[in-house]
2 protein chains.
Amino acid sequence: MGRGGGEGALGAWFDMCQHRHMSNAKALPLLEPAAEPCCPPLNERPLTADEAERTAVMFKALGDPVRLRLFSAVASHDGGEACVCDISDVGVSQPTVSHHLKKLKEAGLLSSERRGTWVYYRVEPAVLAAMGQLLTKAATA
Amino acid sequence: MGRGGGEGALGAWFDMCQHRHMSNAKALPLLEPAAEPCCPPLNERPLTADEAERTAVMFKALGDPVRLRLFSAVASHDGGEACVCDISDVGVSQPTVSHHLKKLKEAGLLSSERRGTWVYYRVEPAVLAAMGQLLTKAATA
DNA sequence: CACCTGTATCGACGGACGTCAACATAGACA
DNA sequence: TGTCTATGTTGACGTCCGTCGATACAGGTG
């Protein structure tokens, strides 16, 4: 629970990425901390067991249709933020929605905040970008 | 089994993407068919049940640590292609390796070809790029 | 305070998944 | 043909996971 946001596996994964990134990042200052490349692309070298273990958590979180719809619903909402009541129309019961949102939060893809009666979830742009470059860099390299 | 490559869920997913892409693609010719953007980014609009169902298959395929290591091993090999014997050192038995490679193939992420004694797996760059843009476009938009 | 609404947690059930040993198949070679 | 190596398939087992109803918690309203 060191940094703000999720309290799940993202912390370790992101820290791992930052650590690796730091070894060859010397000239770039601290602007745009969310859009920077991060972590070895999948085709740079075979992932270690640790890297795979942590990275798989995030892919697994998006590997369920209901979670993918929930995540997309949050991400496509204004400001990348949505109340649970706005996105819970995905064909499963309310406890199941809550369960999946918790999973996405544990994977570090979403963070939540209670404001009055309602709870709002929003996406973590940095992680999204990191995951994307994991794939796009692999595709274009 | 219409197109070359995998025979799994990729076919439907890619076709779905192409179909959608065709509706707003009028001015671009057929160069770089593999690097083109494809499918709505996750933050463009909430995914439908069908879209989520098909897309989740690919994320789920990368949601297992062993499969992620196998995929990374293939992708990082020369030419994006590797013999099974080169990548099967991931700490599980040979049948399990074969099982996971089959899953990756069914998800459309890998294709396989037998050449003599050995079987070679290689990545599908188009799908990789499509998945990446699903995330990077969502991250930067 | 009581009551209502929105969200999270608990406990249980059924199905999917990762794993293995045993066996089957494909090709190379003698 | 037989044998050896490389890979895929089968069947079984244990565990994880998605789902639900019931219940608990939080906050607003009266």
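Just so we're on the same page: letters track the sequence lines, and every chain starts at 1.
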Separation of [N] [atom2] from [X] [atom1] (nearest whole Å):
X	N	atom1	atom2	answer
B:Asp64	D:dC16	CG	C1'	12 Å
A:Arg69	D:dT19	CZ	P	11 Å
A:Leu68	D:dG18	CG	P	13 Å
B:His100	D:dT7	NE2	C1'	16 Å
B:Leu62	C:dC17	CG	P	15 Å
B:Leu104	C:dG18	CG	P	10 Å
B:Glu53	C:dA16	CD	C1'	14 Å

**Item:** Nearest heavy-atom neighbours spanning A:Arg67 and A:Leu104
**Value:**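 In terms of heavy atoms, the two residues are closest at O-CD1, 3.7 Å.
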**Request:** Measure across B:Ala56 and A:Asp64 and return the closest heavy-atom pair with its distance rounded to 0.1 Å.
**Result:**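 Heavy atoms only, the tightest pair is CB-C, 3.8 Å.
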Roughly how far, to the nearest 0.5 Å, is the [atom2] atom of [Y] from the [atom1] atom of [X]?
X	Y	atom1	atom2	result
B:Glu124	B:Leu110	CD	CG	8.0 Å
A:Ser112	A:Tyr120	OG	OH	13.0 Å
A:Thr55	A:Leu42	OG1	CG	8.0 Å

For [N], take OP1 and OP2 only and decide whether either is under 4.0 Å from a side-chain N or O of [X].
X	N	result
A:Lys60	D:dC16	no
B:Arg67	C:dG18	yes
B:Lys103	C:dC17	no

**Message:** By nearest heavy atom, map A:Val92 and A:Arg115 onto DNA chain D; which one lands nearer the 5' end?
**Reply:**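 Per heavy-atom nearest nucleotide, the more 5' residue is A:Val92.
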**Message:** Treating primed atoms plus P, OP1 and OP2 as sugar-phosphate and everything else as base, which nucleotides of nucleotides 6-11 of chain C get B, S or - for protein heavy atoms under 4.0 Å?
**Reply:** SBBB--
**Prompt:** So, B:Thr136 and A:Gln133: side-chain donor and acceptor under 3.5 Å apart, yes or no?
**Reply:**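 No pair is found: no donor N or O on one side chain lies under 3.5 Å from an acceptor on the other.
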**Message:** Between A:Arg122 and A:Gly80 (side chain of the first, backbone of the second, donor and acceptor by atom type, cut-off under 3.5 Å), is there such a pair?
**Reply:**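 No, A:Arg122 side chain to A:Gly80 backbone: no donor-acceptor pair under 3.5 Å.
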